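The structure appears right after this line, and notes come after that.
Every value quoted in this text rests on a predicted model; they were computed, and no experiment measured them. Start at 1 and go down the list; that is how both ligands and their atoms are numbered.
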Amino acid sequence: MRVLILGGTAEARTLATLLAARPGLSVISSLAGRTSAPLLPPGEVRIGGFGGPAGLAGWLRASRVDAVVDATHPFAAVMSASAARACDDVGVPLLVLRRPGWTERDGDDWRRVPSIAAAAAVLPGTGRRALLTTGRQTLAAFAGLDEVWFLVRAVEPPEPPVPARMTLLLERGPFTIEGEEALLRAHRIDVVVTKDSGSPAVAAKLDAARLRRLPVVMVDRPPVSPGVPSVATARDAVAWVTGLPGAGVSPSGSGGA
Ligand code: NAP
């Protein structure tokens, strides 16, 4: 059985590791190719877009893929919609592996917004010195906010348009609470702007914001494609794959034909 994992997340790498250890399964991970030094999963990897739903459908047929796990980032909505459409067209089973979002705790002051544009709209009324961690592809939405100074943290350098008043920090998590608190203090940050990625590796900024009593502008996730089953952990995704007809392996890993 051949399984395609749409990746770019820690969960996708964990799933590739777990599935690669199973006899009878051949796993290929797909990355968009956005980062210059991506963290690679074990096993076969392909890099680059497929060319929309039609391109992916053709690729699934040509590569004889039997099942797809969409383990992309919760905000990679275009890829997820493309996967739902292509798998439906080709008749290949699709599972979404999506970690849960973050939940507000006592002492948090979160302003939930439905989109990046909405985050930019509420920001000037929320703070003047923002830690912005929504990703380099979102900076254009904040470019017109001249009254706000930004500390932008991203993995890769952004391309213009970017905010006029900004300092760039090129860093990849995981981050610690101590480090995040020191960062907020050193730059006199008065608001944190983030997407609800749910990633444990970058959750320390929320703890630090709580400790410093700062508001957080939290961008909600886009909805998942209707009718596509989803799980929250790589282990549950393994159970789904190994439970498919033709997988030839038992969910407990005891092997099979
Ligand atoms: P997106 O807007 O949903 O995707 C745009 C296009 O990029 C897709 O239509 C597809 O091109 C290509 N693509 C995306 N993911 C791909 C994959 N895993 N394999 C092959 N092609 C892929 O996605 P995005 O927000 O730019 O994210 C790109 C990648 O970075 C994703 O794989 C995601 O898991 C990862 N990532 C995203 C974020 C985020 O905040 N968005 C954060 C961390 C990691 P075609 O239409 O040509 O197939």
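Checking side-chain atoms of Arg165 against main-chain N and O of Asp146 turns up a donor-acceptor pair under 3.5 Å. A distance-only check finds a donor-acceptor pair linking the side chain of Arg221 to the backbone of Asp196 [under 3.5 Å]. Side chain of Asp190 to main chain of Arg129: a donor-acceptor pair is present (N/O by atom type, distance under 3.5 Å, no hydrogens or angles). Here the side chain of Ser199 pairs a donor or acceptor atom with the backbone of Ala201 at under 3.5 angstrom. Put simply, the side chain of Glu181 never gets that close to the backbone of Leu211: no donor and acceptor are under 3.5 Å apart. No donor-acceptor pair under 3.5 Å is formed between the side chain of Asp109 and the backbone N or O of Leu214. Between the His73 side chain and the Phe75 main chain, a donor and an acceptor come within less than 3.5 Å of each other. Between the side chain of Arg22 and the backbone N or O of Gly24 there is no donor-acceptor pair closer than 3.5 Å. Put simply, the side chain of Glu180 never gets that close to the backbone of Phe175: no donor and acceptor are under 3.5 Å apart. Between the side chain of Ser82 and the backbone N or O of Val78 there is no donor-acceptor pair closer than 3.5 Å.
For atom 11 (O) of ligand 1, the nearest non-hydrogen atom of the protein is Gly49 CA, 3.6 Å. If you check which protein heavy atom lies closest to atom 46 (O) of ligand 1, you get Gly52 N, 3.1 Å. Of all protein heavy atoms, the one lying nearest to atom 6 (C) of ligand 1 is Arg34 NH2, 3.5 Å. Atom 25 (O) of ligand 1 has Ala76 CA, 3.7 Å as its closest protein atom, hydrogens excluded (heavy atom only). When only non-hydrogen protein atoms are considered, atom 8 (C) of ligand 1 lies nearest to Met79 SD, 4.1 Å. Closest to atom 28 (C) of ligand 1, if we only count protein heavy atoms, is Ala32 CB, 3.7 Å. At the shortest separation from atom 44 (C) of ligand 1 among protein heavy atoms lies Gly8 O, 3.3 Å. In terms of protein heavy-atom proximity, atom 48 (O) of ligand 1 is closest to Phe50 N, 2.7 Å.
Under a 4.0 Å criterion applied to the non-hydrogen atoms of Arg46, ligand 1 contributes the atoms 20 (C). Set against the non-hydrogen atoms of Gly7, the atoms of ligand 1 under 4.0 Å away are 18 (N), 31 (C), 32 (O), 33 (C), 34 (O).
Put simply, atom 30 (O) of ligand 1 has no protein non-hydrogen atoms near it, under 4.0 Å away.
Look at Asp108 and Arg210 and you find a salt bridge, because one of the NZ, NE, NH1 or NH2 atoms lies within 4.0 Å of a carboxylate O, short of that distance.
Taking distance alone, with nitrogen or oxygen atoms compared against 3.5 Å, Lys195 approaches ligand 1 more closely than that limit. Of the polar atoms of Ser30, at least one N or O is found under 3.5 Å from an N or O of ligand 1, judged by distance alone. Residue contacts with ligand 1: His73 is placed with a nitrogen or oxygen under 3.5 Å of a nitrogen or oxygen of the ligand (distance criterion only). Between Thr134 and ligand 1, a contact under 3.5 Å exists for no N or O pair.
Residue Glu11 does not touch ligand 1, judged by heavy-atom distances below 4.0 Å. Only backbone heavy atoms of Ala77 (N, CA, C or O) come within less than 4.0 Å of ligand 1; its side chain stays farther off. In Ile47, neither the side chain nor the backbone holds a heavy atom less than 4.0 Å from any atom of ligand 1.
A heavy-atom separation below 4.0 Å is found between Gly48 and ligand 1. Under a 4.0 angstrom heavy-atom cut-off, Gly51 registers as being in contact with ligand 1. Contact analysis leaves Ser82 out of contact with ligand 1, as no non-hydrogen atom separation drops below 4.0 angstrom. The closest approach between Leu31 and ligand 1 falls below 4.0 Å for a heavy atom of the residue.
With a 6.0 Å radius and a threshold of 12 heavy atoms from other residues, nucleotides or ligands, Arg172 has its CZ atom above the threshold. Environment of CD in Glu159: sparse, with no more than 12 heavy atoms of neighbouring residues, nucleotides or ligands closer than 6.0 Å.
The residue from Val202, Thr133, Val78 that puts a heavy atom closest to atom 2 (O) of ligand 1 is Val78.
Ring-plane geometry between Phe50 and Trp59 is classed as perpendicular, the angle between the planes exceeding 60 degrees on a 0 to 90 degree scale with a lower cut at 30.
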